[in-house]
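Heads up: the structure comes next, in structure tokens.
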Amino acid sequence: MNALLLEGKNAVIYGGGGAIGGAVARVFAREGARVFIAGRTRAKLDAVARDIAVTGGKVETAQVDVLDQQAVEKHADAVAETAGGIDIALNAVSVMHDQGTSLADLSLEEFMRPIDGFLRTLFITSKAVARHMGRERPGVILTLSEPGSKMAVGGILGHSVSAAGKEAFSRVLAAELAPGNVRVIGIRPHAVADAPAAGSYTKDLFEQTAAAAGQSVQELLEGGMVQGTLLKRLPTLSEIAETAAFLASDRGGAMTGTIVNLSVGALVD
């Protein structure tokens, strides 16, 4: 029987009730981790927790405003005290923002919304968990970005800058935390094929672009987005979650300060 990838690990997932956060939480639990999921919506957290509990996994939930630094630090402290430390953290928090509006019609507020929102929560959560990681037991911080970090496409100014910012944050944080035995790795998936159906905020996010093209969100995903990839498909929640589990495990121990490209060939490094 194969050993579980994350046996004995304590993992905190912010945005754990969302499509990606929930998928990762389920896989982490399946691989033996004790999972702590935090987020804004109790019902979504409870749904993920029920799925994990049914399969015998270890999970605890907490309703936390991830933009409230004191609340996040208090939660991280409680997790570390309860579990004896934090080994893995993932920020899968969503921030609704504009995609599809060009500079002439884009307000400063809409431009700044994803930059401030995503980077603020990434800073808050990373700072809260980092002090409970590393040293004698390796720590891993996983971040999420998007291909917009490198794409030159009109109508995604705020989104693109925020994605590039998240990747820069991950690289620099990896350098800072490496002496303390903490790895930091970014994951860059393209639009996720089954995320809208799983309750992701991307369903609402893509509606403006889809409507402008006279399409449904699913038609947008399966049409133009797919054609822009080498593999002519989009990544799935399962693929992202399985990759995250590998990266967080000791088998991925040589990786830090890098971005894992799950864009199915939309970007070629």
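One-based numbering along the sequence shown.
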*Sort and list the pairs that fulfil ring pair (Phe, Tyr, Trp, His ring centres under 6.0 Å) and have at least one residue in residues 28-66, not counting sequence neighbours.*
none
*Closest approach of Phe169 to Phe123 (non-hydrogen atoms, all atoms of both residues)*: CZ-CA, 3.9 Å
*Mind checking who shares a hydrophobic cluster with Val264, ILVMFWY linked at side-chain heavy-atom distances under 4.5 Å?*
Leu231
*For the student: nearest non-hydrogen atoms of Leu230 and Gly265, plus distance*: CG-O, 3.5 Å
*Could you check Arg113 against Asp98 for side chain to side chain contact (heavy atoms under 4.5 Å, CB included), going step by step and ending with a plain yes or no?*
CA-CA 8 Å; Arg113 190 187 306 278; Asp98 175 88; over 6 Å; no
*From NE2 (His190) to CG (Asn261), nearest 0.5 Å*: 10.5 Å
*asked:* Could you go through Lys232 and Gln227, starting from their C-alpha distance and side-chain angles, then the distance that decides it, and tell me whether this counts as side chain to side chain contact (heavy atoms under 4.5 Å, CB included)?
replied: CA-CA 6 Å; Lys232 298 298 181 272; Gln227 293 309 310; 3.7 Å; yes
*Indicate, with yes or no, if Ile52 and Leu45 share a hydrophobic cluster defined by side-chain heavy-atom contacts under 4.5 Å among Ile, Leu, Val, Met, Phe, Trp and Tyr.*
yes
_Asp87/Arg137 salt bridge by N-O under 4.0 Å criterion_ = yes
*Single-linkage hydrophobic cluster, 4.5 Å side-chain cutoff, Val24 and Met255 together*: yes
_Linked, directly or transitively: Val66 and Ile141 (ILVMFWY side chains, under 4.5 Å)_ = yes
*asked:* A side-chain contact here means heavy atoms from C-beta on lying under 4.5 Å apart; do Leu177 and Met133 qualify?
replied: no
*asked:* By the salt bridge (Lys or Arg N to Asp or Glu O under 4.0 Å) test, which pairs, at least two apart or in different chains, include something from residues 139-166?
replied: Glu146-Lys166, Lys150-Asp269
*List for me each residue that meets side chain to side chain donor-acceptor pair (under 3.5 Å) alongside Glu167, sequence neighbours excluded, and say none if there are none.*
Ser145, Ser149, Arg188
*With sequence neighbours left out, write down each residue that passes side chain to side chain donor-acceptor pair (under 3.5 Å) with Ser126, or none if nothing qualifies.*
none
*Looking only at heavy atoms, what is the nearest atom pair of Arg120 and Leu67, with distance?*
CD-CD2, 4.0 Å
_Non-hydrogen side-chain atoms of Arg40 and Ser94 separated by less than 4.5 Å_ = yes
*asked:* Can you pull out every salt bridge (Lys or Arg N to Asp or Glu O under 4.0 Å) where at least one residue sits in residues 74-83? Sequence neighbours excluded, please.
replied: Asp77-Arg131
_Pairing residues for Thr229 by the side chain to side chain donor-acceptor pair (under 3.5 Å) criterion, not counting sequence neighbours_ = none
*For Leu142 against Ala248, the heavy-atom pair lying closest together*: CD1-CB, 4.3 Å
_Apart from Ile156 itself, residues in the same hydrophobic cluster as defined by side-chain heavy atoms under 4.5 Å_ = Met151, Val153, Leu267
_Check: Ile185 and Thr258 side chains under 4.5 Å, non-hydrogen atoms_ = yes
*Kindly indicate, with the supporting measurements, whether the criterion side chain to side chain contact (heavy atoms under 4.5 Å, CB included) is fulfilled by Glu136 and Asn181.*
CA-CA 8 Å; Glu136 67 280 355; Asn181 199 20; over 6 Å; no
*Please list, chain by chain and in numerical order, all residues satisfying ring-ring contact (aromatic ring centres under 6.0 Å, His included) with Phe118, sequence neighbours excluded.*
His97
*Hey, does Tyr14 have a side-chain heavy atom less than 4.5 Å from the side chain of Val129?*
yes
*Taking the side chain from Thr101 and the backbone from Gly155, do they hold a donor-acceptor pair closer than 3.5 Å?*
no
_So Arg30 and Glu242, do their side chains get closer than 4.5 Å, heavy atoms only?_
yes
*For Ser170, enumerate each residue passing the side chain to side chain donor-acceptor pair (under 3.5 Å) test, keeping only those at least two apart in sequence or located in another chain.*
Thr143
_Least distance between heavy atoms, Ala23 atom then Ala241 atom_ = O-CB, 3.5 Å
_Residue pairs passing the side chain to side chain donor-acceptor pair (under 3.5 Å) test where at least one lies in residues 50-59, sequence neighbours excluded_ = Arg26-Asp51
*Do the non-hydrogen side-chain atoms of Val192 and Leu234 ever get within less than 4.5 Å of each other?*
no
_If you compare all heavy atoms of Ile86 against all heavy atoms of Ala76, which two are closest, and at what distance to 0.1 Å?_
CD1-O, 3.8 Å
*Taking salt bridge (Lys or Arg N to Asp or Glu O under 4.0 Å) as the test, write out the residues that go with Asp250, two or more places apart.*
Lys9
_Any non-hydrogen side-chain atom of Glu239 less than 4.5 Å from a side-chain atom of Leu262?_
no
*Any link between Leu90 and Ile259 through a network of hydrophobic side chains (Ile, Leu, Val, Met, Phe, Trp, Tyr) touching at under 4.5 Å?*
no
*Cluster question for you: counting only ILVMFWY and a side-chain heavy-atom cut-off of under 4.5 Å, with indirect links fine, are Val72 and Val35 together?*
no
_Using the rule side chain to side chain contact (heavy atoms under 4.5 Å, CB included), only one of Val59, Leu6, Thr82 pairs with Arg34; which is it?_
Thr82
*Give a yes or no answer on whether the side chain of Thr61 reaches the backbone of Ile37 with a donor-acceptor pair at less than 3.5 Å.*
no
*Output the distance between atom OG (Ser160) and atom CD (Gln99), rounded to the nearest 0.5 Å.*
9.5 Å
